[in-house]
Structure formats: structure tokens, C-alpha cells
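Each chain gets a letter, A, B and so on, in the order the sequences are listed, and its residues count up from 1.
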Amino acid sequence: MLPGFPDAMPLQGLAGGLMIGLSAAIMLLALGRIAGVSGLAARATGLAASGAPRSVAIAFILGLPLGALLVSVLVGGVETTFPASPWPLLIGGLLVGFGTRLGSGCTSGHGVCGMSRLSPRSLFATAMFMAAGFITVGLLRAGGLL
Amino acid sequence: MKQTAIALAAGLIFGAGLAISGMADPQRVQAFLDLFGAWDPTLAFVMGGAMIPMALAWRVQRRMAAPLTVSRFDLPGTTKIDRRLAIGALIFGAGWGIGGLCPGPAIADLAIAPAPAAMFIAAMLAGMAVHKFAVR
């Protein structure tokens, strides 16, 4: 599909990305909010003192697996390969939870919403978390852990 | 009620987009972050695709006095760049690389691979709780 990258799925990536952007656009224009999943997840679970109304946060968060389920049923399964050991999930999850709260956002809030707004704060945060991701995976590979 | 229904629909579209795009697959996310291995550029297309409707939405937003269903926009500031932001983003990025998951895909994956997704989410909520009680 993409010369030189046998595993890439550019069309699916683009189509899914457009849907993610559409969802964020609905949140912004209809509800006046950023579709930031880390913030909404924290709000939905009572781990954030302020933010979206609880009902809005809970509804959005419930919608995520429902949407994935719908696609999975329609296309006959979505391919996912998780780390074989529980440790990357546990350590990764802990760091993602703490880091997204300290840094006020994740791939959706800073990445999708903030970058398209040309927010200097989000452009900086996205550069930081992308760099950390590249370096971390590079180190895992160098250490034979990937 | 109307707001809750809109949020549910938006979450559903978001989750469907994640599942279609390949971003719900931790191995693919790690392959995107693996610049020195068999690099997979798919996530760049996801990001690029998401930018298009949102860039338009921000242009529309600037001309709107209020959102469609509530009285005012409730948006974060864009200028404050401090140590908290930098360290938080770096820690998040490290966790993203280790697990191959960020919050949206992890939650969407509850419908696709419930056991590992739940494990990641439990740890993620623990991390959020640590922040809530330890950082002031």
C-alpha cells in the first residue's frame, strides 16, 4: 500500500484519523470543550476536581469501547497485539496516568486538539511526549526488550 | 440530557476511529515510535487525518459567540509552558512507549482485548490517583 512500508495502513489511518478529528470537532462546537481523553477519564472516575460535567465525561468515555466494539463487529475483529508480559502494561499505565495529569493532556488533548489550534503549550507538550516515546522505544530495542 | 447524548455519540465516533486507524493496536503504536527498527508511519496518517476536521473546527469556533448547546466555551489556556508540562509530557511519552497505549486506545480496547486493556487502565487510574494525592 505504501512503498517501502509493507505493514503501514495509510488509508485506514487517514479514515480513522478523520473520524477522531470529527469527534473532537463535535465536542468543541457543540459542547464547547476539548476532547481530551485523559482529562475526561479522570473526570469520569472522580480523579479530577474540575472539568467537564460528570455526565458528559462518563458518556464520552463509555462511547470509546462502544465505537470500537461496533467496528469490531462490522469488520469481523480488530487486530491488536499487546505486550506478552503484564509488566509493560502496568509500568506503562502508571506512567501514562501520572504523566498525563501532571502535563494536563495526552495524544488527544495536546496532540489532536492543541496542535490543530496551534497552541504553543500543546505543540511543546506533543514534541516532548513524542520525543520521550521515540527515545523509550529506542532504548527498549537497544536493550533487546522489544 | 442532550449534552450527554452528544458526548456519547462523539465518544463512539472517536472509539470507532481509533479501531479503524490501527491506533488501538499497541504493537503498531510501538512500531511508529520505533524509528530505528521497522518504522511504521501509519500513526502519522492518523494524526494528519485528525488535524483536518479540527483545524476547520477551530476556524469556525473563532466566529462563534457560544457553542451550540451550552452557554460558553470552556477551553484551556495555550501559552503557559512550565516544568510541570515538560516533565508530565516526558513521563507520559515514556509510558506510551513502554505499553504502546495512550488513554483513548486503552479505553477503546476494553471492547477488543478486555484483559490487557483493563490491566493497563487500572495502572493508569492508579497513576492519576498518585498525582491527585501527591502533587499539589
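Proximity of the aromatic rings of B:F14 and A:F60 is defined here by a centroid distance below 6.0 angstrom, and this criterion is met.
Contact record, A:A132 with B:A94: CB-N, 3.8 Å, taken as the closest heavy-atom pair. A:F82 and B:A117 get closest at one heavy-atom pair: CE2-N, 4.2 Å. Residues B:K80 and A:R121 come closest through the heavy atom pair O-NH1, 2.8 Å. For the residue pair B:I20 and A:A15, the shortest heavy atom distance occurs at CG2-CB, 4.4 Å. Residues B:P67 and A:L28 share a closest heavy-atom pair of CB-O, 4.2 Å. Heavy-atom minimum distance, A:I34 versus B:P76: CG1-CD, 3.4 Å.
Only the side chain of A:L140 has a heavy atom closer than 4.5 Å to any heavy atom of chain B. Heavy atoms of B:R28 lying under 4.5 Å from chain A belong exclusively to its side chain. Only the side chain of B:M23 comes within contact range of chain A, with heavy atoms under 4.5 Å apart. Only the side chain of B:I112 comes within contact range of chain A, with heavy atoms under 4.5 Å apart. Heavy atoms of A:S119 lying under 4.5 Å from chain B belong to its backbone as well as its side chain. With a threshold of 4.5 angstrom between heavy atoms, A:R117 approaches chain B through its backbone and through its side chain. For B:V135, the part lying under 4.5 angstrom from a heavy atom of chain A is the side chain only. For B:I52, the part lying under 4.5 angstrom from a heavy atom of chain A is the side chain only. Interface remark: A:L70 contributes side-chain atoms only to the contact with chain B (heavy atom separation under 4.5 Å).
With sequence neighbours excluded, the residues forming a side-chain contact (heavy atoms from CB on, under 4.5 Å) with B:L125 are A:T45, A:L47, B:I121, B:M128, listed by chain and number.
Under the 4.5 Å side-chain heavy-atom criterion for ILVMFWY residues, no single connected hydrophobic cluster contains both A:F129 and A:I135.
Your options are B:L90, B:L110, B:T79, B:V70, and the one with the most heavy-atom pairs under 4.5 Å with chain A is B:L90. Of all the listed residues (B:I91, B:L68, B:D25), the one sharing the greatest number of non-hydrogen pairs under 4.5 Å with chain A is B:D25.
Side-chain atoms of B:M119 and A:P86, non-hydrogen and from C-beta on, do get closer than 4.5 Å to each other.
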